[in-house]
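Numbers restart at 1 for each chain; the letters A, B, ... are given by sequence-line order, proteins then strands.
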Protein chains: 2
Amino acid sequence: MKIKKKGEISPDIMDGGEVSGIKFYPMITAKDGAPNFAMRLFEIGPNGHTPKHTHEWEHEVFIVSGNGHVFKDGKEIPIKKDTFLLVPKGELHQFVAGDEGMNMICVVPNEGQPT
Amino acid sequence: MKIKKKGEISPDIMDGGEVSGIKFYPMITAKDGAPNFAMRLFEIGPNGHTPKHTHEWEHEVFIVSGNGHVFKDGKEIPIKKDTFLLVPKGELHQFVAGDEGMNMICVVPNEGQPT
């Protein structure tokens, strides 16, 4: 069993280009021995966002705290703490934090998490 | 994209035998179209617990709130909000909430989540 605390990890700062205001914590990945999927934490600062993009793997997302919206089919759908999302492979999506910022867990197959 | 809120789901109550005081929310599973893994929320009441058990798939766990301990190699290891755990397949484990209760996200391969 491997136990890791957020405070022990230095996040990657993702800020620039199509990404803004994100601290990224790849908490459980193939490097830790995860055989199938990777669990990552995104801390998105106020009004920060992920890129609007697609990829060939799914996301399973849990909003831990804060609020914001997700870009889906050309619309902005409000999301907040205790929302869960399944983003299928190949679907255009973007996560955008509101004024409070937004933290989320995002799980992907190992192919979606570079090591 | 599928979006689900915790408040829209009636949890399964797990209380009796080797399990105590758990509300279980299978939020994203194969039924929702998840191709590979399932995201579930466990709300464990004060001093509640999962069974002490093993199985042939891994857990990836994020402690959302509260505190408690995990049974690992015969020891009780304290865990709390912002702890992440990888439990490999075949390893004996048990999650036990403290006086505050403990909420956690637990992701398993689809084979570990009956539909």
Side-chain angles (χ1 to χ4, degrees), chain A residues 1-9 25-41 43 57-65 69-73 75 77-94 103-112, chain B residues 1-9 25-41 43 57-65 69-73 75 77-94 103-112:
Chain A
M1 188 184 305
K2 192 153 189 178
I3 302 177
K4 295 173 75 174
K5 295 174 185 171
K6 190 188 81 169
E8 298 166 352
I9 308 295
Y25 299 78
M27 295 302 303
I28 303 177
T29 74
K31 276 187 190 171
D32 299 298
N36 295 304
F37 46 86
M39 180 175 269
R40 303 97 49 85
L41 170 66
E43 291 186 340
W57 51 84
E58 75 274 25
H59 281 325
E60 296 187 17
V61 169
F62 165 65
I63 307 299
V64 179
S65 62
H69 69 261
V70 62
F71 182 90
K72 175 193 176 191
D73 300 332
K75 295 179 184 166
I77 311 293
I79 54 177
K80 62 179 183 178
K81 180 175 168 19
D82 290 335
T83 303
F84 292 79
L85 302 100
L86 170 62
V87 182
K89 68 177 183 178
E91 184 170 323
L92 188 67
H93 61 283
Q94 180 185 37
N103 291 356
M104 64 187 209
I105 296 291
C106 178
V107 183
V108 294
N110 279 354
E111 66 177 301
Chain B
M1 187 185 305
K2 194 154 188 178
I3 302 177
K4 296 172 76 174
K5 295 175 184 170
K6 190 187 82 170
E8 299 166 352
I9 308 293
Y25 299 78
M27 295 301 302
I28 303 176
T29 74
K31 277 187 190 170
D32 299 299
N36 295 303
F37 46 86
M39 181 176 269
R40 302 97 49 86
L41 170 67
E43 291 186 341
W57 51 84
E58 73 275 24
H59 281 326
E60 296 186 17
V61 169
F62 166 65
I63 307 299
V64 180
S65 61
H69 69 261
V70 62
F71 182 89
K72 176 192 175 189
D73 299 334
K75 295 179 184 166
I77 311 294
I79 54 178
K80 63 179 184 179
K81 180 175 169 15
D82 289 334
T83 303
F84 293 78
L85 302 99
L86 170 62
V87 183
K89 68 177 183 177
E91 184 170 324
L92 188 66
H93 61 282
Q94 181 184 36
N103 290 356
M104 64 188 208
I105 297 291
C106 178
V107 183
V108 295
N110 279 355
E111 66 177 300

One option among Ile3(B), Val64(B), Thr83(B), Ile79(B) has the most heavy-atom pairs under 4.5 Å with chain A, and it is Ile3(B)

Measure distances from Val107(B) to the heavy atoms of chain A and classify the residue's part below 4.5 Å as side chain, backbone, both or neither. both

Under the salt bridge (charged side-chain N to carboxylate O under 4.0 Å, His left out) test, which residues partner Lys2(A), sequence neighbours left out? Asp32(A)

Does any heavy atom of chain A fall under 4.5 Å from the side chain of Ile63(B), the backbone, both, or neither of them? neither

Side chain, backbone, both or neither: which part of Val70(A) has a heavy atom under 4.5 Å from chain B? side chain

Please report the interatomic distance CE(Met39(A)) to CG(Leu85(B)), rounded to the nearest 0.5 Å. 9.5 Å

For the NZ atom on Lys72(B), are there more than 12 heavy atoms of other groups (residues, nucleotides or ligands in this structure) within a distance under 6.0 Å? yes

Determine whether more than 12 heavy atoms belonging to other residues, nucleotides or ligands lie under 6.0 Å from atom NZ of Lys80(A). no

Kindly indicate whether the side chain of Pro35(B), heavy atoms from C-beta on, has any atom under 4.5 Å from the side chain of Trp57(A). no

Quick one: CG on Asp82(A) to CE on Met27(B), what's the gap to the nearest 0.5 Å? 8.5 Å

If you tally heavy-atom pairs under 4.5 Å between each of Glu58(A), Glu60(A), Lys5(A) and chain B, the highest tally belongs to Glu60(A)

If you round to the nearest 0.5 Å, how far is NZ of Lys6(B) from CZ of Phe62(A)? 8.0 Å

Output for pair (Phe84(B) CZ, Glu8(A) CD), nearest 0.5 Å, gives 11.0 Å

Which of Val61(B), Asp73(B), Ile77(B) touches chain A most, by non-hydrogen pairs under 4.5 Å: Val61(B)

Select, from Leu41(A), Val87(A), Asn36(A), the one with the greatest count of heavy-atom pairs under 4.5 Å involving chain B. Asn36(A)

Can you list the residues that meet the ring-ring contact (aromatic ring centres under 6.0 Å, His included) rule with His69(A), with sequence neighbours excluded? none

Tell me, side chain or backbone of Glu91(A) under 4.5 Å from chain B's heavy atoms, or both, or neither? side chain

At their closest point, which heavy atom of Met1(B) faces which heavy atom of Phe71(A), and how far apart are they? CE-O, 3.8 Å

